Chemist: 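I am attaching a structure below and will ask some questions about it afterwards.
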Amino acid sequence: MTFEETEYSTSRRILSWAEEDRPREKLLLKGKGALSDAELIAILIGSGTRELSAVDLSKIILQKASNNLNELAKLSLKDLMKIKGIGEAKAISIAAALELGRRRKDSEVVRRPKITSSKDAYEQIRSYLMDLPHEEFWILLLTRSNEVIRPVQISQGGISGTVADPKIIFKSALEHLASSMILVHNHPSGNLKPSEADKELTRRLVTSGKLLDIPILDHLIISELGYLSFADEGLL
């Protein structure tokens with residue numbers, strides 16, 4: 001076989017590799033949990049050497065640490081750079097990734113506040129709407145267990161009203177995978193009585209929420225005097 005034929009055969013073999021055998025493509029196809037430690041490190045270092053693929057080089061790196069990630073984290077940059085094919089940039093990438101893993105382990109899991117009443121919802125959203133000279137419409141997005149995902153501003157208006165587009169409201173809920181929501185807007189006048197427009201909008205959104213399986217749990221009107229809950233007043 002000639003040199004040209006050998007080179008052509010090698011190129012065809014590389015091109016015919018199954019995508020799941022390449023770390024980056026495998027992560028895209030099957031998710032990060034499907035990759036071995038060596039494959040994850042291979043993604044970090046990006047490339048191997050003339051003799052070794054990135055995965056093979058990563059296996060050697062792990063062998064230097066007894067195939068233990070905790071031991072690998074103890075290696076200094078100089079220790080990593082003693083491995084043939086690992087320069088400063090690759091050593092830094094490995095060290096940085098392991099340090100992020102350590103910090104994640106040390107971080108506390110932040111518990112989301114849970115809404116069990118209209119007062120809970122009011123306390124979560126009031127700071128966004130208090131003391132405003134104009135009306136704003138917000139939604140409080142919730143998980144299936146009524147934990148707060150996040151508050152989202154829908155619109156900003158004038159002294160006597162603002163527009164709340166149902167398409168924008170439910171688009172935001174779908175984008176954040178919300179299971180339910182609470183509607184909120186303020187009355188700068190201090191009047192907590194809902195207008196007919198407030199009631200009609202709420203009815204439309206409640207109906208749409210049932211169709212999309214994203215129920216509207218409440219609608220709060222907030223002013224400097226406190227708040228009114230549609231659910232507490234039997235207006236939903």
Side-chain angles (χ1 to χ4, degrees), residues 1-112 141-145 147-150 152 167-181 212-214:
M1 182 179 291
T2 66
F3 175 78
E4 288 79 7
E5 289 173 330
T6 301
E7 187 176 41
Y8 177 73
S9 176
T10 300
S11 298
R12 280 182 61 89
R13 188 167 66 251
I14 291 173
L15 289 173
S16 67
W17 282 349
E19 285 193 350
E20 58 265 26
D21 292 333
R22 306 172 191 161
R24 291 177 185 272
E25 287 81 357
K26 185 175 179 180
L27 189 148
L28 288 170
L29 287 172
K30 297 185 177 181
K32 57 190 178 184
L35 274 66
S36 66
D37 291 345
E39 289 169 328
L40 290 170
I41 293 173
I43 292 175
L44 288 174
I45 63 176
S47 63
T49 65
R50 290 179 63 88
E51 297 81 18
L52 298 170
S53 69
V55 174
D56 289 334
L57 180 55
S58 297
K59 288 177 180 177
I60 292 175
I61 295 169
L62 284 169
Q63 287 170 6
K64 294 291 184 182
S66 303
N67 291 305
N68 186 302
L69 292 178
N70 288 320
E71 292 301 316
L72 180 59
K74 295 177 184 178
L75 297 181
S76 66
L77 293 179
K78 288 184 178 179
D79 291 332
L80 290 169
M81 290 167 63
K82 289 177 183 177
I83 301 170
K84 185 178 179 181
I86 299 300
E88 184 178 74
K90 290 179 179 178
I92 288 172
S93 294
I94 294 169
L98 291 166
E99 176 62 14
L100 278 175
R102 184 193 67 77
R103 293 185 186 186
R104 179 188 176 187
K105 188 182 296 184
D106 291 343
S107 297
E108 293 184 6
V109 177
V110 178
R111 293 188 62 84
R112 291 170 168 171
L141 300 176
L142 308 176
T143 66
R144 193 167 297 279
S145 57
E147 293 178 337
V148 176
I149 297 173
R150 63 179 300 173
V152 176
K167 294 188 291 295
I168 295 176
I169 290 172
F170 285 103
K171 179 176 180 287
S172 296
L174 291 167
E175 285 177 346
H176 291 94
L177 302 179
S179 294
S180 61
M181 74 174 90
L212 292 170
D213 196 26
I214 306 176

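The model shown is predicted, which means the values in this text are computed figures rather than measured ones.
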Chemist: From Ile149 CD1 over to Ser180 OG, what is the distance, rounded to the nearest 0.5 angstrom?
Modeler: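 Separation between the atoms: 8.0 Å.
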
Chemist: Using every non-hydrogen atom in the two residues, find where Ser58 and Ala42 come nearest and quote the distance to one decimal.
Modeler: OG-N, 3.1 Å

Chemist: I need the full list of side-chain hydrogen bond (donor to acceptor under 3.5 Å, both in side chains) pairs touching residues 76-87, with sequence neighbours left out, sorted by first then second residue.
Modeler: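 For residues 76-87: Ser76-Asp79.
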
Chemist: For Ala97 and Leu44, which heavy atoms make the closest approach, and how far apart are they?
Modeler: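 Smallest interatomic distance, heavy atoms only, reads CB-CD1, 3.6 Å.
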
Chemist: May I ask you to test the Asp37-Asn67 pair for a side-chain heavy-atom distance under 4.5 Å?
Modeler: no

Chemist: Measure the shortest side-chain to side-chain distance between Thr143 and Leu177 over non-hydrogen atoms and say whether it is less than 4.5 angstrom.
Modeler: no

Chemist: Search all heavy atoms of Pro23 against all heavy atoms of Glu39 and return the closest pair with its distance.
Modeler: CB-O, 3.6 Å

Chemist: For Glu71, I'd like to know if atom CD has over 12 heavy atoms of other residues, nucleotides or ligands within 6.0 Å.
Modeler: yes

Chemist: Would you call Val148 and Leu142 a side-chain contact if the rule is heavy atoms closer than 4.5 Å?
Modeler: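 A side-chain contact under 4.5 Å exists here.
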
Chemist: Could you grab the distance from atom CD1 of Ile214 to atom NE2 of His176, nearest 0.5 Å is fine?
Modeler: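 Ile214 atom CD1 to His176 atom NE2 measures 12.0 Å (nearest 0.5 Å).
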
Chemist: So does Glu51 get a backbone contact from the side chain of Thr49, meaning a donor-acceptor N/O pair under 3.5 Å?
Modeler: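 Yes: the side chain of Thr49 pairs with the backbone of Glu51.
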
Chemist: Are side-chain heavy atoms of Leu77 and Glu88 found at a separation under 4.5 Å?
Modeler: no

Chemist: Say you draw a straight line from NZ of Lys26 to OG of Ser36; how long is it, rounded to the nearest 0.5 Å?
Modeler: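 Going from NZ on Lys26 over to OG on Ser36, the span is 6.0 Å.
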
Chemist: At what distance, to the nearest 0.5 angstrom, does CZ of Arg22 lie from CG of Leu27?
Modeler: 14.5 Å

Chemist: Any idea which heavy atoms bring Leu141 and Ser172 closest together, and the distance?
Modeler: CD1-O, 3.9 Å

Chemist: With the side chain counted from C-beta on, respond yes when Ile169 and Met181 share a heavy-atom pair under 4.5 Å apart, and no when they do not.
Modeler: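 Answer yes - side chains close enough.
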
Chemist: Are Leu75 and Ile61 packed together at the side-chain level, in the sense that at least one heavy-atom pair is separated by less than 4.5 angstrom?
Modeler: no

Chemist: So, Lys90 side chain and Gly46 main chain: donor-acceptor pair closer than 3.5 Å or not?
Modeler: no

Chemist: Identify the two heavy atoms, one from Leu57 and one from Leu52, that lie closest to each other, and give their separation to 0.1 Å.
Modeler: N-CB, 4.3 Å

Chemist: Flag the pair Ile86 / Ile60 as yes when at least one side-chain heavy-atom distance between them is below 4.5 Å, and no otherwise.
Modeler: no

Chemist: So, do Leu80 and Leu72 sit near enough that their side-chain heavy atoms are less than 4.5 Å apart?
Modeler: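 With C-beta onward as the side chain, the pair touches.
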
